[in-house]
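Each chain gets a letter, A, B and so on, in the order its sequence line appears, and its residues count up from 1. Because the structure is a prediction, the values reported are computed rather than measured.
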2 protein chains.
Amino acid sequence: MSKITSSIQEPGAEEKIKEAAKKVFLAKGYAATRTRDIAEEAGLNLALLNYYFRSKENLFHIVMMEKLQLFFNSMIAVFSNKELSLDGKIDTFVDRYITVLVQYPDLPIFIMSELHQRPQEFLKEMKVREVIQQSGLLQQIQERLKLSGGVMSTVHPIHFIMNITSLCVFPFIAKPIFQSLTGLEKEGFIALMEQRKVLVPIWIKQMLGG
Amino acid sequence: MSKITSSIQEPGAEEKIKEAAKKVFLAKGYAATRTRDIAEEAGLNLALLNYYFRSKENLFHIVMMEKLQLFFNSMIAVFSNKELSLDGKIDTFVDRYITVLVQYPDLPIFIMSELHQRPQEFLKEMKVREVIQQSGLLQQIQERLKLSGGVMSTVHPIHFIMNITSLCVFPFIAKPIFQSLTGLEKEGFIALMEQRKVLVPIWIKQMLGG
DNA sequence: AACAAATTTAATCATTTGATTAAATTATTT
DNA sequence: AAATAATTTAATCAAATGATTAAATTTGTT
């Protein structure tokens with residue numbers, strides 16, 4: 001008897017545990033997660049977690065690095081794309097990023113919460129600084145600000161990175177509050193986020209042009 | 001011998017424990033906090049925590065409610081002030097709120113993280129919905145949007161509540177990332193936030209007027 | 001001062017939790 | 001098929017953790 005029942009191969013124990021760990025860590029965070037929760041979610045014996053991953057800490061490190069990639073990759077891919085103008089970067093970033101966040105709504109609070117504990121452990125491996133410096137985005141913003149003149153021309157470009165990420169990410173972090181505020185269910189909330197795909201680029205360009 | 005050494009009265013054990021609990025819960029979150037950490041921080045015997053507060057859970061509930069008040073009160077006070085125009089609310093809110101957040105930079109990630117677990121437990125007691133409905137803020141936004149005409153006139157006012165809170169709060173939530181990104185220490189980061197006290201109102205008014 | 005009430009302490013309990021072990025089972029190689 | 005290696009399981013360990021207890025100490029009252 002082969003293990004293949006249909007055309008889809010069932011993942012092995014190691015993969016099952018990692019997927020279960022992603023699910024539980026993302027939902028509850030490191031401190032509130034019990035290794036038994038992960039084993040149960042995977043439908044496997046608890047000892048297999050240590051057999052394949054040595055420790056809860058080590059398994060978390062692997063999961064965290066993957067989630068950090070997911071959180072930063074689509075961001076950096078757009079910001080570093082030398083083909084794109086500033087407006088092109090804004091449009092593409094907002095659309096792609098909100099798409100990712102709609103798919104993984106728990107990702108931002110997980111990342112921010114775990115980075116708030118142990119900030120240096122993970123961020124130094126990510127070299128976010130170097131990537132953004134080399135992307136040319138900061139120069140593009142500064143150039144645009146100079147052109148528009150006015151009050152904003154002397155403002156640090158980092159403010160606009162803060163603005164574009166804030167307007168995309170924060171609604172997902174404060175989702176419980178905004179849902180309580182509006183009375184919207186999951187679908188209604190997603191509808192609002194879909195609207196923001198077109199609204200946020202408009203607002204950001206207004207900020208840059210003032 | 002009186003307990004009074006100088007003109008300042010030392011707080012009693014109950015108060016010491018609550019203050020220690022605020023400090024530790026805020027820094028580490030509920031799940032990562034050990035009751036022994038709180039007792040040690042207070043410089044008191046562990047049993048006193050249960051003597052005065054019955055349980056970790058109960059102590060947390062008290063701390064969380066106080067921190068929710070701190071997080072929402074200055075917000076609601078401004079938004080509900082019938083004396084203020086829309087522009088007045090924007091200016092006052094941003095200035096006051098960033099002042100609070102500079103003073104308590106860990107407050108937002110704590111609130112968001114704990115609300116993400118148990119969303120209903122705390123939010124239903126806060127009746128955020130009713131307060132915002134009665135504040136008149138949503139009507140003021142809608143009125144302004146109509147006046148300016150254009151694309152934004154049909155957009156839901158909640159988007160602008162999201163925007164103003166996002167631009168103020170998110171930088172504190174993503175502080176480790178922005179510090180890694182800029183290489184700024186605590187003081188440099190605060191300087192950026194001080195700049196945002198004047199910048200955010202400008203940007204928000206641009207959004208409303210487009 | 002004598003007594004009662006409130007507070008504080010050290011010791012201890014019962015569970016929970018991350019991890020390990022030795023035996024059992026399954027898969028792979030010879 | 002036999003032997004070897006890899007995987008899985010149930011049982012167990014040691015440490016951590018929230019909570020309790022009984023005794024000791026301090027404070028307040030008569």
- Message: Between A/M152 and A/M207, is the side chain to side chain contact (heavy atoms under 4.5 Å, CB included) condition met? List the steps.
- Response: CA-CA 9 Å; A/M152 291 298 155; A/M207 291 180 185; over 6 Å; no

- Query: Given the rule in the salt bridge (Lys or Arg N to Asp or Glu O under 4.0 Å) test, do B/E114 and B/K67 qualify, once you have shown the distances and angles that lead to the verdict?
  - Reply: CA-CA 11 Å; B/E114 300 299 338; B/K67 291 299 173 183; over 6 Å; no

Whole-Å distance separating the [atom1] atom of [X] from the [atom2] atom of [N]:
| X | N | atom1 | atom2 | result |
| --- | --- | --- | --- | --- |
| B/E40 | C/dA10 | CD | P | 14 Å |
| A/D37 | C/dT16 | CG | P | 12 Å |
| A/K28 | C/dT16 | NZ | P | 14 Å |
| B/Y30 | D/dT17 | OH | P | 13 Å |
| A/L44 | D/dT9 | CG | C1' | 11 Å |
| A/K56 | D/dA15 | NZ | C1' | 14 Å |
| A/L46 | C/dT20 | CG | C1' | 10 Å |
| B/E10 | D/dT26 | CD | P | 15 Å |

- Examine the side chains of B/K197 and B/T99 and answer whether a donor and an acceptor come within less than 3.5 Å of each other.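 Yes.
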
- Query: Would you say B/T35 reaches D/dG18's phosphate, i.e. side-chain N/O to OP1/OP2 under 4.0 Å?
  - Reply: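 Yes, because at least one side-chain N or O of B/T35 sits under 4.0 Å from OP1 or OP2 of D/dG18.
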
Can you tell which of [options] lies closest to the side chain of [X]?
| X | options | answer |
| --- | --- | --- |
| B/L48 | D/dT9, C/dT8, D/dA19 | C/dT8 |
| B/A47 | D/dA10, D/dT17, C/dT9 | C/dT9 |
| B/N50 | C/dT7, C/dG18, D/dA19 | D/dA19 |
| A/Y51 | D/dT7, D/dA19, C/dA6 | D/dT7 |

- Touch class at under 4.0 angstrom, heavy-atom based, for A/Y52 against every strand present: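 Sugar-phosphate, no base atom in range.
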
- Message: Students often mix this up, so state it plainly: with edges at 30° and 60°, are the rings of B/F25 and B/Y30 parallel, tilted or perpendicular?
- Response: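 Geometry flag for B/Y30 against B/F25: parallel rings.
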
- Query: Hey, is the side chain of A/R36 pairing donor to acceptor with the base of C/dG18 inside 3.5 Å?
  - Reply: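 When only heavy-atom distances are counted, A/R36 does reach the base of C/dG18 through a donor-acceptor pair under 3.5 Å.
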
- Message: Assuming nearest nucleotide by heavy-atom distance, tell me which of A/R34 and A/N45 is located more 5' along DNA chain C.
- Response: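 Result of the comparison: A/R34.
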
- B/D91 and B/K205: salt bridge (Lys or Arg N to Asp or Glu O under 4.0 Å), yes or no, with the steps? CA-CA 10 Å; B/D91 294 339; B/K205 289 168 192 170; 2.7 Å; yes

